[in-house]
Student: 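Pasting in a structure now, in structure tokens, and then I'll have a few things to ask.
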Number of protein chains: 2
Amino acid sequence: MANRRASITDLAKTLGLSPSTISRALSNHDDVSEATKARVRQLAEELHYQPNQLAAALRRGRSNTLGVLVPHITGHFFPQVVHGIATEAAKLGFNVMICQSNEDALQEQKNIDLLMNSQVEGILVSLANTTQSFGHFEAVRQQNIPLVFFDRVVEDFSGSNVSAVVVDDYQGAYQVVTHLIEQGCTRIAHFTGPLHLSIHKNRHQGYRDALLAHGLPLNEELIMFCEMSQKGGTQAMRHLLKLPQRPNGVFSSNDLAAIGAIQAVKSQRLRVPQDVAIVGFSNEMFTMLTEPMLSSVDQRCEQMGKTAVQLLQKMLKSGPDRVGPPKPIVLKPKLLVRESSQRK
Amino acid sequence: MANRRASITDLAKTLGLSPSTISRALSNHDDVSEATKARVRQLAEELHYQPNQLAAALRRGRSNTLGVLVPHITGHFFPQVVHGIATEAAKLGFNVMICQSNEDALQEQKNIDLLMNSQVEGILVSLANTTQSFGHFEAVRQQNIPLVFFDRVVEDFSGSNVSAVVVDDYQGAYQVVTHLIEQGCTRIAHFTGPLHLSIHKNRHQGYRDALLAHGLPLNEELIMFCEMSQKGGTQAMRHLLKLPQRPNGVFSSNDLAAIGAIQAVKSQRLRVPQDVAIVGFSNEMFTMLTEPMLSSVDQRCEQMGKTAVQLLQKMLKSGPDRVGPPKPIVLKPKLLVRESSQRK
DNA sequence: TTGAAAGCGCTAACAA
DNA sequence: TTGTTAGCGCTTTCAA
């Protein structure tokens, strides 16, 4: 049966001291004699004393816990970010409570409530893709609980204790296209998903602007709205290879479709990158496994988690009365040139 | 500045009721009149009342939270398991606190303490690979906090509130080798990592036993102790292809090395699976992306997380005074036959 | 059906 | 340097 744990009161009684002295000794307060501290520590050790964080948090009004809400913990991106969050939080002495919205706006709302009820000191959120209204974040703002959005953010939702961390998709795309041009590509195709998703919209815009900036024509028949899967990429590429003037470069908005494109090119006995240079986006783990290895853009997932926690910590420290709200942070993505686009 | 949240006391004062009535109304107790309930609920709504879980947990002695401790949240396996855990826990109404040991025994110990201090109601752990002693789990056992190990378990650590969920690696390996034999392979090689890791040990044993059971000779020169990376697999395969009698089947203890093997075979102008059939282990996401697609063994990661939570829940419900400790659960892995080993 | 009162385990202001 | 006391917000027994 359950061995009730030792409490401060227990220690106090055993040693003939008051609970406050015990508490102070355990938290190594200055004004407790070394002798007393030693006695307390020893007994605590013996009884396997474990402080009750719940009680301490209730009393202090601070839980030492951060809440994290992600759409899901699968795939490549979110696990990495969560890893970054958990690691940085641990370093700063925070516990982490993690919830998944499963891409569902209602669950997201419930989880936000849950995190607030649990008295977390700050909340890190990446939006579910079905979220349209933002009332649930209103409550967080009103309570002045620091809130950091990452990756999937709410635009025009500001406040003295609200900020965001995102990666610059536009910039990443721009870099990719510039690189392809430098490798001698003159007809660069683009695979994209639906443009109402900001990741695709921004990458698409980066593609267009980079072409224009380098004096290349914008050819709408080279822009493929396709399913961003391996199969989708293969189909799109097959289509492009049948054009009177086929492309000699491809920028795919994700890695999966890029791999499909590689396979389509190879199956036509054409060479990657000599005939068609190909670059993906996200730097998935499997980009190193293809033949040729796929160039891609690293989104700095772990860094994003880390940065988000640091931002939160900064808000926590300075309080909401700082001068102006904290600026959103935009991480620079990193182009990784591998075999699939290295011609020289 | 911070809008102090409404408390039960606040509601009570406003409505001219006692805190106990408010509490009962909010938890929908039978013996509160519907009229009162309605009033309370309405006011709670208006004031955006959020119950303080910390206080409730302290009072009840139950935190409604499960602790999870994994080596890390990267790669393929652990994110999937954590996803399963988080999903199932949410379904059963538990919150989840997640920690990483970073494969470090000391951090593991500290995190176990942390989870206990946080008054979690149960703990789910997968061991760090440096953990050699198990004193920190002793404390958990003594407090009778239900403990479920998953995947990386402590052998001979039993107790009335301790159990485990693992996947049957031996069985998975046995299935693979049987399948290869059925496909007509007669000389089956095996890639393995160091045998002091139980996953490799068990898969290795499954390999041996399956060969023997089907009357095939056990040929030590076909057993490659190699680095279980893509490169390691390539090197091992190159070596094997130079043997006077080269193998016509390969069972690799992971997928990465299997992919290396495929690439080595293809680069010799041999065909997979006709000349060499290849099967990996773990069903990584990228097994669908290779040409040919790689056969592998699914470890049921999500199911493992789900099962672990259910097991914990069962312990929590029945208490430690049940008849005997809960039996460990062994999940059956699932062989997925894809192109790399399908000859017929 | 409601209220009064106690207390979960801890911390911190104040007093000695 | 140590002790006294009060209370964080909630639940629950007991009494009305």
Side-chain angles (χ1 to χ4, degrees), chain A residues 2-41 43-44 47-65 113-114 116-121 143, chain B residues 2-41 43-44 47-65 113-114 116-121 143:
Chain A
N3 237 322
R4 204 182 63 72
R5 347 189 151 185
S7 70
I8 282 198
T9 318
D10 298 335
L11 300 196
K13 280 184 186 148
T14 312
L15 292 179
L17 289 169
S18 75
S20 33
T21 304
I22 305 290
S23 172
R24 286 186 280 241
L26 289 172
S27 49
N28 201 21
H29 238 270
D30 280 342
D31 39 42
V32 175
S33 73
E34 281 305 325
T36 311
K37 279 186 190 171
R39 285 174 66 211
V40 172
R41 282 188 194 134
L43 184 66
L47 300 187
H48 301 110
Y49 168 74
Q50 301 269 14
N52 183 329
Q53 305 266 19
L54 246 42
L58 177 61
R59 174 61 230 244
R60 284 211 205 92
R62 295 192 39 230
S63 66
N64 233 35
T65 300
D113 278 355
L114 170 70
M116 292 182 62
N117 296 351
S118 304
Q119 316 297 114
V120 297
E121 294 189 38
Q143 304 269 351
Chain B
N3 237 320
R4 204 182 62 71
R5 345 190 151 184
S7 69
I8 282 197
T9 317
D10 298 335
L11 299 196
K13 279 184 187 149
T14 312
L15 292 179
L17 289 170
S18 74
S20 29
T21 304
I22 305 291
S23 172
R24 285 186 278 241
L26 290 172
S27 48
N28 201 20
H29 238 272
D30 279 344
D31 39 41
V32 175
S33 73
E34 280 306 325
T36 311
K37 280 185 190 172
R39 285 173 66 209
V40 172
R41 283 188 194 135
L43 184 66
L47 300 186
H48 300 112
Y49 167 73
Q50 301 268 16
N52 183 328
Q53 306 266 18
L54 246 43
L58 177 60
R59 174 60 231 242
R60 283 211 204 93
R62 296 192 36 229
S63 66
N64 234 37
T65 300
D113 277 355
L114 170 68
M116 292 183 62
N117 295 351
S118 302
Q119 316 296 116
V120 297
E121 295 189 38
Q143 304 269 352

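Letters go in sequence order (proteins before strands), and every chain restarts at 1. Source: prediction; values computed, not measured. These values consider heavy atoms only, across backbone and side chains, with no hydrogens, waters or symmetry-generated copies.
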Student: Considering only heavy atoms, which members of residues 22-41 of chain B lie under 4.0 Å from some atom of DNA chain D?
Tutor: B:Ser23, B:Arg24
Student: To the closest 0.5 Å, what do you measure between OG1 (A:Thr36) and CG (A:Asp31)?
Tutor: 11.0 Å
Student: Is a side-chain N or O of B:Ser118 found less than 3.5 angstrom from the main chain of B:Val120, in a donor-acceptor match?
Tutor: no
Student: Search all heavy atoms of B:Pro19 against all heavy atoms of B:Ala12 and return the closest pair with its distance.
Tutor: N-CB, 3.8 Å
Student: Where do A:Ser63 and A:Glu121 come nearest, in terms of heavy atoms and distance?
Tutor: N-OE2, 3.3 Å
Student: Using a 4.0 Å cut-off to any heavy atom of chain B, which nucleotides of DNA chain D are the first and last in contact, reading 5' to 3'?
Tutor: D:dG9 to D:dT13
Student: Which of residues 11-21 of chain A sit near DNA chain D, with a heavy atom under 4.0 Å from it?
Tutor: A:Gly16, A:Leu17, A:Ser18, A:Ser20, A:Thr21
Student: Can you check whether B:Arg62's main-chain N or O pairs, donor with acceptor, with B:Gln119's side chain at less than 3.5 Å?
Tutor: no
Student: Just to be sure I understand the geometry, which residues of residues 48-64 of chain A put a non-hydrogen atom under 4.0 Å away from DNA chain D?
Tutor: A:Leu58, A:Arg59
Student: For the side-chain contact (heavy atoms from CB on, under 4.5 Å) test, which of A:Asp10, A:Leu17, A:Thr14 pairs with A:Ile22?
Tutor: A:Leu17
Student: Please tabulate, one pair per line, all N/O donor-acceptor pairs under 3.5 Å involving side-chain atoms of residues 47-61 of chain A, not counting sequence neighbours.
Tutor:
| unit_1 | atom_1 | unit_2 | atom_2 | d |
| --- | --- | --- | --- | --- |
| A:Asn52 | OD1 | A:Leu54 | N | 2.8 |
| A:Asn52 | OD1 | A:Ala55 | N | 3.1 |

Student: Quick one: CZ on A:Arg39 to OG on A:Ser33, what's the gap to the nearest 0.5 Å?
Tutor: 8.5 Å
Student: For the helix from C:dT1-D:dA16 to C:dA16-D:dT1, how many degrees between its two end axes (five pairs per end), to the nearest 10°?
Tutor: 40°
Student: Under 3.5 Å, is there a donor on one side chain and an acceptor on the other for A:Asn28 and A:Arg41?
Tutor: yes
Student: If you measure from OG on A:Ser18 to CG on A:Leu11, what distance do you get to the nearest 0.5 Å?
Tutor: 11.5 Å
Student: Is the backbone of A:Val32 close enough, under 3.5 Å, to the side chain of A:Arg24 for a donor and an acceptor to pair up by distance?
Tutor: no
Student: Could you state the interatomic distance from CG (B:Leu15) to OG1 (B:Thr21), rounded to the nearest 0.5 Å?
Tutor: 10.0 Å
